[in-house]
Amino acid sequence: MTSSKLKVAIYCRLSEEDRNKVCETDDSNSIQNQKSMLIKYSMDHNWDIYKIYSDDDYTGSDRRRPEFNNLLEDAQNHKFNIVLCKTQSRFTRELELVEKYIHGLFPIWGIRFISIVDNADTDNKGNKKSRQINGLVNEWYLEDMSENIRSVLTDRRKNGHHIGAFALYGYKKDPEVKGHLIIDEEAAAVVREVFTLYSQGYGKTNIARMLNDRGEPNPTEYKRLHGLRFKEPKTKYSTLWSYYAISSMLVNEMYIGNMVQGKYGSISYKTKQNKPRPKELWYRVEGTHEAIIDRELWDKVQTIIAQKYKPATGGKIGIFAGKVRCMHCGYIMYSSKSHKVKHYLRCPTRYKSKDSCIGAHISVTKLESIVIEELRKLSDDYIDKNQIENNVQFGLDLSGKKKSIECDIKSYQKKIDEYTKGIRELYLDKVKGILSENNYLDLSKDFSIQKEKFEQLIVEAQKNIEIIDQRMNVGLNRRQIIDAYTNIEHLDRQAVEVLIDYILVGKKNPETKEIPIEIHWNF
């Protein structure tokens, strides 16, 4: 082995779909087959194998593939000269990543990309269009597959079949009947206890604390302890029951035998992110599985919940709602009311267990007076010292955001120029007879769609710059803003929205009786 030899990085990928196709007589998609093919190809070309990167059970659209990202990091650090795959789709099925890495960053990093079966090779300048066409075909494949899967899953949900990686806490998947749930007695006993305690007058926070004090694992931790492949990261408080876990359980119809699904829907086939769906779009089928909670207990609990539900501020949103966080654990503090009808903000983790966060706690009235006093001090700083511009970095932060967006616009414009050029080249290929009329129309249509997408991104980015400019102008006139609120006696929600980004509240010092407060202003 000499130092003059080229170093090659081999990348293999096997998805769950591939695994389902593989049988004893067909290993064409197996990791072993990919590796042996690529190793032989490397040896035939007298290349040194730097490393074999292999992702198992990942789709070609998943950007979180660990070995894929390790390969990209090593590529950026110039640890090899060539990336070798069986097909381009093994590397990625997204046209965007084809353009970003294969046609963009790899040439900058001095890396050649080769895929054996579909003859993609960045050293061959003549087959760039074929690589782009492969990218488009793979993109269409992803979209079609996503729509087909969505259609099948929707049909199964409408028929009351359980869809999901995990069963609801209290149930487990029936090993005999796919899509059917059976009771998990160990967890179901806790569910029955929660409903019974609440029907007897125990509060949700009190129930959570009771479960935590005796070491009962919450639903997330229960999955981990029972060997389920649950990927949520484990944190200090992730094993504890909370008010919200109890609250959610008490209104879940699944516990009376009704299958309720589709509460969240994916944003796009390109992302794992989900968003809530309107209740009228949920899939609800009655009597699909055995109930854990009988109807009498369920109705009693729902009646209590309906009677107890009263907004803490007379139907109006609290003036500090969502704006105040615990200085110790970072949780958003929620509103509570004392027997003297005095409103407080409390850290929600304070009552989870004996060993949880030490907890922040402050009355709304006290916090309001502190905010008003700080506003007056800011006004005094303007008048007496005229140093507020040096103390506030808001404008600088916005300038950085503006520059970042301007860089994005340049990147989007570059993409638009590339697609414009691509459409022009496709037309020339059609004129020369290289492309048929139908192929030209199909390809140019997709190029136009991509071009329009980036044009829309530019429009949105420019709107964001306008908003930033407006906020920077507000920053330049912050004196007037502060003066407008300096002499007020009480805050309202509108004032808080204008003035405050967020507030951190700490625990009262037992000696000085002072409560640490950090106000992060919007100006």
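Scope of the values below: all heavy atoms of this structure, side chains included, with no hydrogens, waters or symmetry mates.
Expressed to the nearest 0.5 Å, how far CG of Leu504 lies from CD of Glu518 amounts to 5.0 Å. Taken to the nearest 0.5 Å, the CD1 atom of Ile465 stands 12.5 Å off from the NZ atom of Lys403. Expressed to the nearest 0.5 Å, how far CD of Glu455 lies from OG of Ser448 amounts to 9.0 Å. Between Leu457 atom CG and Lys453 atom NZ the span is 7.0 Å, to the nearest 0.5 Å. Separating the NE2 atom in His103 from the CD1 atom in Ile108 is a distance of 13.0 Å, to the nearest 0.5 Å. Here Arg209 contributes atom CZ and Ile207 contributes atom CD1; the two are 14.0 Å apart, rounded to the nearest 0.5 Å.
In this structure, Lys100 places its NZ atom where only 12 or fewer heavy-atom neighbours from other residues, nucleotides or ligands lie under 6.0 Å away. Taking a 6.0 Å sphere around CD of Glu511, one finds it holds 12 or fewer heavy atoms contributed by other residues, nucleotides or ligands.
Minimum interatomic distance between Pro219 and Trp241 (heavy atoms only, all atoms of both residues): CD-CH2, 3.6 Å. Looking at every heavy atom in both residues, Gly506 comes nearest to Ile515 through O-CG2, 3.4 Å. Looking at every heavy atom in both residues, Ala461 comes nearest to Ile409 through CB-CG1, 3.6 Å. Taking all atoms of both residues into account, the shortest heavy-atom contact from Ser199 to Val301 is CB-CG2, 4.2 Å. Closest of all the heavy-atom pairs between Arg63 and Leu97 is CZ-CD2, 3.8 Å. Smallest separation of non-hydrogen atoms from Leu491 and Glu368: N-OE2, 2.7 Å.
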Residue pair Lys513, Lys508: steps toward the side-chain contact (heavy atoms from CB on, under 4.5 Å) verdict: CA-CA 6 Å; Lys513 306 301 181 183; Lys508 181 190 291 185; 4.3 Å; yes
CA sep, side-chain torsions, deciding dist, call: Val190, Glu216, side-chain contact (heavy atoms from CB on, under 4.5 Å): CA-CA 9 Å; Val190 178; Glu216 193 71 54; 3.7 Å; yes
Test side chain to side chain donor-acceptor pair (under 3.5 Å) applied to Glu73 and Asn77, step by step: CA-CA 6 Å; Glu73 183 178 348; Asn77 292 324; 4.6 Å; no
Ile362/Ile517 under side-chain contact (heavy atoms from CB on, under 4.5 Å): CA gap, chis, key distance, verdict: CA-CA 10 Å; Ile362 191 171; Ile517 303 288; 3.8 Å; yes
Pair Thr420-Lys451, side-chain contact (heavy atoms from CB on, under 4.5 Å): steps then yes or no: CA-CA 7 Å; Thr420 301; Lys451 179 184 172 185; 3.4 Å; yes
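For the pair His343/Ser363, no side-chain contact is recorded, criterion being any heavy-atom separation below 4.5 Å from C-beta on. By the 4.5 Å heavy-atom criterion applied to side chains, Val371 and Trp521 are counted as neighbours. Looking at heavy atoms from C-beta onward, Val505 lies out of side-chain contact with Pro516 at the 4.5 angstrom threshold. Under the 4.5 Å side-chain criterion, counting only non-hydrogen atoms from C-beta, Phe454 is in contact with Tyr419. Side chains of Arg64 and Tyr58 form no contact here, defined as non-hydrogen atoms less than 4.5 Å apart. Leu211 is listed as a side-chain neighbour of Val194, based on a closest heavy-atom distance under 4.5 Å.
Within the 3.5 Å criterion, the main-chain N or O of Ile500 finds a donor-acceptor partner in the side chain of Lys323. Asn218 places a side-chain N or O within donor-acceptor distance of the main-chain N or O of Glu221, the cut-off being under 3.5 Å. Between the Lys173 side chain and the Gly164 main chain, a donor and an acceptor come within less than 3.5 Å of each other. With hydrogens and angles ignored, the 3.5 Å screen pairs no side-chain donor or acceptor of Trp109 with any backbone N or O of His78. No donor-acceptor pair closer than 3.5 Å links the side chain of Trp282 to the backbone N or O of Val260. When atom types are taken as modelled, the side chain of Arg65 and the backbone of Phe91 share a donor-acceptor pair closer than 3.5 angstrom. Between the side chain of Asn212 and the backbone N or O of Leu240 there is no donor-acceptor pair closer than 3.5 Å.
In summary, Glu374 and Lys377 engage in a salt bridge, as defined by a charged side-chain N under 4.0 Å from a carboxylate O. A salt bridge does not link Lys421 with Glu418: none of the charged nitrogens is closer than 4.0 Å to a carboxylate oxygen. Ionic pairing of Asp184 and Lys172 is not present here: no N-O contact between side-chain nitrogen and carboxylate oxygen is shorter than 4.0 angstrom. Comment: Arg214 engages Glu193 in a salt bridge, judged by a side-chain N to carboxylate O separation of less than 4.0 angstrom.
At a cut-off of 3.5 Å, with distance as the only test, a side-chain donor of Asn70 or Glu67 sits close to an acceptor on the other residue. Side chains of Gln261 and His161: no donor on one and acceptor on the other come within 3.5 Å.
A cation-pi arrangement is not found for Arg192 relative to Phe195, the charged atom failing to lie both closer than 6.0 Å to the ring centre and inside a 45° cone about the ring normal.
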I'd like a table of donor-acceptor pairs (distance under 3.5 Å, sequence neighbours excluded) in which one partner is a side-chain atom from residues 291-298, with atom names and distances.
residue: Asp294; atom: OD1; partner: Glu296; partner atom: N; Å: 3.2
residue: Asp294; atom: OD1; partner: Leu297; partner atom: N; Å: 2.8

Can you give me every donor-acceptor pair (side chain of residues 244-259, partner residue at least two apart or in another chain, under 3.5 Å) with its distance?
residue: Ser247; atom: OG; partner: Lys204; partner atom: NZ; Å: 3.4
residue: Asn252; atom: OD1; partner: Met254; partner atom: N; Å: 3.0
residue: Glu253; atom: OE1; partner: Asn258; partner atom: ND2; Å: 3.0
residue: Glu253; atom: OE1; partner: Arg284; partner atom: NE; Å: 2.8
residue: Glu253; atom: OE1; partner: Arg284; partner atom: NH2; Å: 2.6
residue: Glu253; atom: OE2; partner: Arg284; partner atom: NE; Å: 3.1
residue: Tyr255; atom: OH; partner: Tyr169; partner atom: O; Å: 2.7
residue: Asn258; atom: OD1; partner: Gly287; partner atom: N; Å: 3.2

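Aromatic ring pairs are classed by plane angle as parallel below 30°, tilted from 30° to 60° and perpendicular above 60°; the pair His520 and Tyr502 is parallel.
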